[in-house]
Amino acid sequence: MKAAMGRGGVAALTVAMALALGVATSVGWAAPAPVTLGVLTPLSPPGDTSAGQLIVRGAELGVQYINTAMGGLFGGKNGCTLPATPVRLAVEDSSGVPERAVAGFRRLVTEDHAVGVFGAFHSSAMLAAAPLADEFMVPYISTQASAADITRKHFAAVFRTHPIDPDRAATWLGFIQAQGWHRVAMLAENTDYGIGLVEATKALIAQKKMNVALDAVIFDRTSSDLTPQLLKFKAARPDLLINVGVGTPAYLIIKQAHDIGLFPQTPMLGSYDFPVRAEYWKNLGPTGVYLTFISYYHPRMALSPLGKWAAVEYAKRYHDTAIYSNLNAFGDAVILAEAMSQACSRDPRKVIAALERGRFDTWIGGGATFPRADGVLWHQWSPPLVILQYTQAEQTYDQAPILYPPSMKTGTYQAPR
Amino acid sequence: MDPTLLTQYVLAGLVIGGIYCLMAVGITFIYSVMKMINWAMGEFYMIGGYVQYVLITAWLGPQRWALALPLAVLTVAALGMLVQRLLLQPMFAGQLERLDEYATIVTISLTVLFRNLAVVLFGPYQFSPRDYAPPVQLGPLPINGSRVVAFLGAAVLLGLFALVVRRTWLGLALRSVAQNRLGALAAGINLSRIDMLAFGIGVGLAGAAGALLAPVFLVYPESGALSTVKGFEIIVIGGLGSLPGSIVGGFLLGLVESLGSVLISPSFRDVYGFGLLLLLLALRPTGLWGEQAREA
Amino acid sequence: METLVVDRVVAGYHEGIDILNGLSLTARPRSITAVIGPNGAGKSTLLRVVFGLLAPRAGRVAFGERAIQGLRPDERKRLGIAYVPQGPSTFPHMTVDETLLVGGWTIRHDRAGLRRRLAHVYELFPALAGLRRVRTTVLSGGQLRMLSLAKELVVMPSLLLVDEPTAGLAPRVAGEVYELLVRSRELGIGVLLVDQNITEAVGIADYVYLIGTGRVQREGPRGAFAADLGEIVRESLVGVDPTGHARERGGWR
């Protein structure tokens, strides 16, 4: 044992010296240098650090999958004769701040020589770094940044695997029609996210000529008292109130609607998966029961074999249940690896071309594609959305029934007694 | 408009206004005694909320929120006195000379420090203790119990504050320092001690607002930012250095915001206050209760 | 009753600029000590040093046996030193009653004593007695000056520092103020009076210091100044440094 360690130590030292002398590649006996995947995600405030952590874990899992289950890149697969090559991860902290995202992206490409970058969560940070992706022609995938401009601006190197406004609007309008509701109120914050969703919903109602009367109100995200607006809604008695607040306002709308007797008497739909987080029940207690909300993931969704591998390995590695942030970051890592394999190249330009051409397995079935489509659909692939409902206090989201879409439905809308 | 609905808006505005008063009185009080503006007021509000939340969830339990309130206020007041002694006292170079920009720099730095500290300690998440009381039906308006508690708490605290300022020796000393520092000094009042107490009391009021509102507006690192802005708006509306002005200004702001957001549009809720402010500045540049100038 | 001794004090507001340059003087109990001299001679600065508003750079200030230059103003007040600054030392939003209560801050725990002292002060200042509940903003300049004085007499100090008590007052009112200072001396209070109103100040003083450029130029009992008082007043009025002239003529010290 001691001797083995000694030998290993000597070998390691030799390799290190060789690397230090810069002879490793010229001599040619070393394994091919690993390909670097870059993760640029918020790991310090003001960014959403918990989202960043989850994304990094998913990315680590993706690398593990590529290096073990896939056996690395190339190495004869798809007729690609390049030697089998491992991948490694380089992580940069964007803090959710545009300038820091730009600096981080630059470091990932120039210092770590990343062949692809993913992990974005804050749209403003991603939009700031996106022009750099085009400048370097290095593919940059949005893991969870949802602003329309990210794909609508048709950046040559920018892709997205996260739902966009029309996806959300289509999901809740489908749900509304399935419920037979007609009068819908929408309280949306005055951000790109909130205003974009109001517009997407209006556009879809008009386009599909739906029998839905939408009363959409935009509120100032920084105001903490929405009671007057909610009172007005209460007087109008809508069939559904869509809560388009992010973070604090999302909670304030639920609390204040509950205080004045609007919710849960009138159903409410949360526009994203904030109720999945542990704070939800801590902050709201029994007030939070009966909320319906959009979620990107539910264990009852049909995962692909890749997704199942990820869910099992995630539980093993982190002693926790995988959620959407993990799975989508995992998926992005694997998609980049598949694109490199299909291109039989580690040249980022060829990877971009492969992403535009190919179909890629990811954590959910169907395969992801990134066609050069019109408008916001450029380089866009959306995972499916589900609508869940909490039917009891302290329920975990995997216990919550799926109300929509019908193909995955495990329960029906429950009104308060 | 439906009169019931209108009554509801007015009531909602008054309840919020009552709570705005606490912030405004705290700011104006510190200003009048120390002639400095405490830009970190909102952060003391935020800290009050966190202390209240931690006391309730980690120690006292949700039933004993009423016990947690005074503890949270005292904690914030003590922290304020510590800050005053360590960081702001040096502002008074001699016994009377002040370095105004010093107070501004220190308190603005404190906002950054406290917010980041909150993120480090508790993360960027929102927290909220359970409601203090079940909803109350006030005429046509069902009102959240915590809001009622917060409103009553604010009323009690303001009453107590007025009592101390009007009827006690400490209040007399505070008023004398506010009106003429040299005169107070000549009377043998220890100015540095009064400054420390005044700062403690002022931020204690903000901390009380934060603790009272913890279940209403949630607790998170940035929660104080807006309350400082509102506090200053009220002060300009009411007149700098005027306590009754702060109170009337608080109610006015609450009403204008409530009515403006339903009668015009909620996108600009925070603009209505500024509108009121600009209107008042045009009509009465010194604010409702302001005076042309005060002796230093 | 304590004697105030100011011993070779150096003091100033800005680095490198000394207003007092080794000034020494003594204020005896139960007597009025007047300090006269031109503007900028350091008269007000002297009182600020004695009350602790300005720390001396060198020298010693003693009250009785005790060195007090390290004490805070409120501590000096408790030792029996009171200070009536030149500017207003009253409170615009208080009543006369409240102002006098503030004056009694250091003896507030002795309720009966405080009540007696207030009654006594109203006897001394009958004009104020009728204005007890009146806000000080409505008082005249003379009444405010009286109130400032009354406020410091509440605690019955042993030494009263008075800075330009009659500046800007009508002669009749000024006369009342000086009468009150004389009355204070009768009550056993020592007065250290700094004044531009040289004739009147010297007129009530027991001992006089003439200072210029931060030093005592000349000192002596009132009588010693009687002869050339007119000259001093004239020079002080035209703004000529009297000390410069004096030395040329070799008349003083």
Side-chain angles (χ1 to χ4, degrees), chain B residues 28-29 31-33 35 85 89-90 92-99 162 164-198 239-246 286 289-296, chain C residues 11-14 47-49 51-55 71-95 97-109 111 114 135-137 144 147-155 157 160-163:
Chain B
T28 210
F29 177 62
Y31 172 81
S32 20
V33 173
K35 300 289 177 294
R85 181 44 49 97
Q89 193 70 69
F92 297 95
Q95 281 288 344
L96 291 167
E97 291 89 316
R98 268 177 304 116
L99 307 167
V164 167
V165 168
R166 292 272 138 221
R167 295 264 176 270
T168 65
W169 275 105
L170 173 64
L172 189 71
L174 287 166
R175 279 188 290 145
S176 72
V177 175
Q179 293 172 31
N180 185 346
R181 291 182 76 85
L182 181 60
L185 198 60
I189 291 170
N190 183 346
L191 284 195
S192 50
R193 180 174 304 163
I194 292 295
D195 281 343
M196 189 172 82
L197 281 171
L240 191 55
S242 161
L243 295 178
S246 301
T286 53
W289 262 258
E291 287 161 26
Q292 289 303 325
R294 279 174 181 261
E295 286 133 287
Chain C
Y13 303 95
H14 300 285
L47 293 192
R48 293 171 73 88
V49 168
F51 195 61
L53 300 174
L54 180 67
L71 298 185
R72 288 194 313 264
D74 56 296
E75 292 169 324
R76 297 185 199 213
K77 174 94 186 211
R78 282 170 205 274
L79 290 179
I81 303 177
Y83 173 51
V84 184
Q86 184 183 352
S89 85
T90 54
F91 312 101
H93 300 279
M94 286 192 190
T95 62
D97 240 358
E98 287 176 311
T99 309
L100 294 182
L101 274 179
V102 175
W105 173 256
T106 52
I107 55 167
R108 65 189 180 282
H109 298 301
R111 288 177 163 222
L114 177 60
R135 282 211 170 196
T136 60
T137 28
L144 273 180
L147 183 59
S148 295
L149 209 56
K151 169 180 157 240
E152 296 312 324
L153 288 177
V154 173
V155 294
L160 190 62
L161 313 171
V162 189
D163 195 352

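Naming convention: chains lettered A, B, ... in sequence-line order (proteins, then strands); numbering from 1 in each chain.
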Separation between OG1 of T136(C) and NE2 of H93(C), rounded to the nearest 0.5 Å: 8.0 Å
Among the listed options G183(B), A184(B), A173(B), the residue most often paired with chain C at heavy-atom distances under 4.5 Å: G183(B)
Side-chain heavy atoms of L147(C) within contact of L100(C), under 4.5 Å: yes
Under 3.5 Å: donor-acceptor pair, side chain of N180(B), backbone of F91(C): no
Best-contacting candidate, W105(C), Y83(C), F51(C), against chain B by heavy atom pairs under 4.5 angstrom: W105(C)
Under 4.5 Å from a heavy atom of chain B, the part of R108(C) involved: both
Contacting region of E152(C) [heavy-atom separation from chain B under 4.5 Å]: side chain
Positive for side chain to side chain donor-acceptor pair (under 3.5 Å) with D195(B), one of R85(B), R181(B), Q89(B): R181(B)
Distance in Å, T99(C) OG1 paired with K151(C) NZ, rounded so as to fall on 0.5 Å steps: 8.0 Å
Option in T106(C), V155(C), L101(C) with maximal non-hydrogen atom pairs under 4.5 Å from chain B: L101(C)
